[in-house]
Amino acid sequence: MGRKVAFIAALFGALALVGPAQARVEVQWWHAMSGVLGDRLNELVEKFNKSQDKYTVVAVAKGNYDEVTNGVIAAYRAKRPPEMVQIAERGYMTMLLSGAIVPVQDLVEQKGYKIDFSDFIKPVASFWSYKGRMSAMPFNSSTPIFWYNKDHFQKAGFDKPAETWQELEKQLYAIKSKGISECGTVLPGDFYWSLLENYSAINNQPYGTLANGFDGLGTEFVYNKTKVVSQVARLKKWLDDGVMQIAGQGFSPEQLFTSGRCSTFVNSTASHGNIERNATINWSATFLPHESDIDPPLNSTIGGGAIWVMKGHTPERYEAVAAFLDFVAQPETQVWWHGATGYVPATNRAYALARERGYYKDHPTREIAVLQLSRGTPNENSRGFRFGNFVQTMLAQRQEVEAVFAGQKQPQQAMDDAVKRGNEILRQFEKLNAGKTPETERP
Amino acid sequence: MTLRLSIPWRDARAPVLQPRHGGGVPSAAAGSSRRSGKTQRREEAGLKRANFGDGPGLPTLLLLPQLLILLFFFFIPSLRALMQSVLLSDPFGTSVQFVWFDNFRTLLASSDYRQSIAMTFWFTVAQNVLTLGSALVLAFATDRIVRGRSVYRTMILLPYAIAPAIAGILWAFLFNPAVGPLAQVLHRLGIVWDPNLNPTDALILVTLAASWKHICYDYIFLVVGLLAVPVSLMEAAAVDGAGLIRRFVSIALPMLGPTIFFLTVMNFIYGFFETFAIIDAVTKGGPAGATNILVYKVFVDGFVNLDLGSSAAQSVLLMSFALICTLLQFRYFDRKVNYGV
């Protein structure tokens, strides 16, 4: 009898010890990071989980951005959404007007955390906020930069790539004609982002009306009346002359660059991790080129993703979410993430910290994105792009550009058609979301 | 001898059930009629119908899993698709508008969709001809191969074991204009080849990949079909002086009629619905929408563009197309097929 009591007492004692560990609140975070970036993200989550004993964040890789979006839509409709989800910048309007999210600034403030939202670097803050309040937590912000093969440029007698498209064109043709490499550049897989949208921002060209969609749902595309048309014509010419190649399915543009086959390529600053690991060439990077008659060039805009908080969870879980978001916003976390991946630091303090530590002395190319994003004074044309059904309009545009590449359409015709198709898609979004203001439900 | 297809444990219980058979008619003939009724029915059942005893209980039970699967994976989704096709809704389903047939109207008005229809038609027909043609040749050749026949057959059947997406990547790589070995061969032959740029090249590439993946399916059926052709007939024809090709065209081919008909239907269904993974891996519907077959467009519009209404309307149309095609095939081609072998 005495033994039994002792045993039960011991059991309870043991349970009491195990208790706190079991009481950790678990929240899910669905994300779209794979490869090196996925490993880094897991490290980040691990760091958070180890930093305290109340909450556990479980990071779940759900495929690419489209697959994550689909996954969360299906889960939301089945009333079992994850607490947090990483969504690409193109999904901003869809998420904002979905009625399925909790704005992060509301959540964080309500849970008593002091994140200085005014400290986020400008293009990042303005993109992810609505009416001055942050809708989603900026997480992986990137911008396209210009990567080049140093040896190829030196062999052709140049120090580095020129700053303007006109000069750069001469260089690429020289490299090709001297037989230094097979192709001067390779078409980026997301050329619509880097070579059309960011091109418009940097060269101060309007892309759509109403400040590229920032001022309302009635926005319309106008890029068929800007330099974008001649940009498409330029790409077509390069393609015809063999100065530019298309990597094609099953093969990435990055591989053509890192293997030394093509001399330059335009890609997100986030490819630092991969390129550092895979490249066998002597590479470097610089700012994206601009048109010769544009002075000064403006800032580029961000891409990448942010963490959205989904509706419909218990207060304890939102405690955990707020704690995690606070952790993500810490300068230390940001600096670490910036260094580990190549994404830009989201806050000014994090950027200053990285500078202070002399990080950019050893890694000069890592600073390009930040400098390019904060160059000049952002105006209506360079603040960013905020269109409904953005993925759909982008695919229509992409198809039209491909028709130019295939020789089926003239650039002007193709851009006119792309704008026409895009505007129809925008009208559908407007019709669906007429009179809607994003929900600001308190968690 | 009659083949009995009854189920043993059901039979064992038969005597217990028998009294119910006679009902309340205790006539002199009752005994004999009862017996003969049972056996007679079994004889009627003959070769084709299995005898599951009395009542609908067991057959229903056996059909139930299949019916449930159909219900959950076909009927309910089809109904949802029908409903969704007349709605305009945001992906999260928080705001929904009823728009009548707007989705269909927009769809049929878009040149994009019409291009996709035409493209799908050519793709499916070309794939069908290519697959069936090569499978026929390969199947007929099987008979002529004496040494290493099993190796030959295995080699042909192997692609069936490869996942479509992987097969697609393989083809995309082999014919990649920058690095693909086969593309280099084409270039050396002076053929300008670039499926990333040229819509025709892209279409040829996906057609080849899709056919290659499906040849083995047709091949299996055709080999079996050819085995059913009586050797005596072939020998008789040979004795009469008919050559190889003559024997194939005049004897083997007509006897393969039912098989070929069946395979044509299956190939159409394959081309319509199952080539999705190959398109995704080889071209992603590009360039310029040149390989955007209907089923791939449904996927892109629904799951990438999140345009659920249009995607649902497309799947409803696709389903009707497939239905009409199959009906036409059965109505017109079926008559020309001779089953009385």
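Protein chains get the first letters and strands the later ones, always in sequence-line order, with residue 1 at the start of each.
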K.L.:
Can you name the residues of residues 114-122 of chain B that have some heavy atom under 4.5 Å away from a heavy atom in chain A?
P.N.:
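Expected list: none.
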
K.L.:
If you compare all heavy atoms of Phe405(A) against all heavy atoms of Leu197(B), which two are closest, and at what distance to 0.1 Å?
P.N.:
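Looking at all heavy atoms of both residues, the shortest contact is O-CD2, 3.2 Å.
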
K.L.:
Between the main-chain N or O of Phe303(B) and the side-chain N or O of Asn70(A), is there a donor-acceptor pair closer than 3.5 Å?
P.N.:
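Here the side-chain-to-backbone pair exists.
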
K.L.:
Under the 3.5 angstrom rule, does the side chain of Thr94(B) hit a backbone N or O of Ser98(A) as a donor-acceptor pair?
P.N.:
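Answer holds: yes.
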
K.L.:
Measure across Ala288(B) and Glu402(A) and return the closest heavy-atom pair with its distance rounded to 0.1 Å.
P.N.:
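Result for this residue pair: N-OE1, 2.7 Å.
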
K.L.:
Does Gln97(B) use its side chain to pair, donor to acceptor, with the backbone of Lys431(A) at less than 3.5 Å?
P.N.:
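Yes: the side chain of Gln97(B) pairs with the backbone of Lys431(A).
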
K.L.:
Verify, without hydrogens or angle tests, whether Asn176(B) (side chain) and Ala247(A) (backbone) share a donor-acceptor contact under 3.5 angstrom.
P.N.:
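Side chain of Asn176(B) to backbone of Ala247(A), a donor-acceptor pair under 3.5 Å: yes, one is there.
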
K.L.:
Relative to chain A, which segment of Leu308(B) carries a heavy atom at a distance below 4.5 Å: side chain, backbone, both, or neither?
P.N.:
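Just its side chain gets close to chain A.
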
K.L.:
So, do Asp90(B) and Leu97(A) sit near enough that their side-chain heavy atoms are less than 4.5 Å apart?
P.N.:
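No; the side chains remain at least 4.5 Å from each other.
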
K.L.:
What is the minimum heavy-atom distance between Arg77(A) and Ser89(B), and which atoms define it?
P.N.:
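So the minimum-distance heavy-atom pair works out to NH2-OG, 3.9 Å.
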
K.L.:
Measuring only between side-chain heavy atoms, which start at C-beta, is Leu306(B) closer than 4.5 Å to Asn389(A)?
P.N.:
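Sidechains of Asn389(A) and Leu306(B): no contact.
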
K.L.:
Tabulate, in ascending numerical order, the residues of residues 80-90 of chain A having at least one heavy atom closer than 4.5 Å to a heavy atom of chain B, or enter 'none'.
P.N.:
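Counting heavy atoms that sit under 4.5 Å from chain B, no residue of residues 80-90 of chain A is involved.
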
K.L.:
Is chain B contacted by the side chain of Leu432(A), its backbone, both, or neither, given a heavy-atom distance below 4.5 Å?
P.N.:
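For Leu432(A), heavy atoms of backbone and side chain both lie under 4.5 Å from chain B.
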
K.L.:
Give me the atom names and distance for the closest heavy-atom approach of Met310(A) to Phe92(B).
P.N.:
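Looking at all heavy atoms of both residues, the closest pair is CE-CE2, 3.9 Å.
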
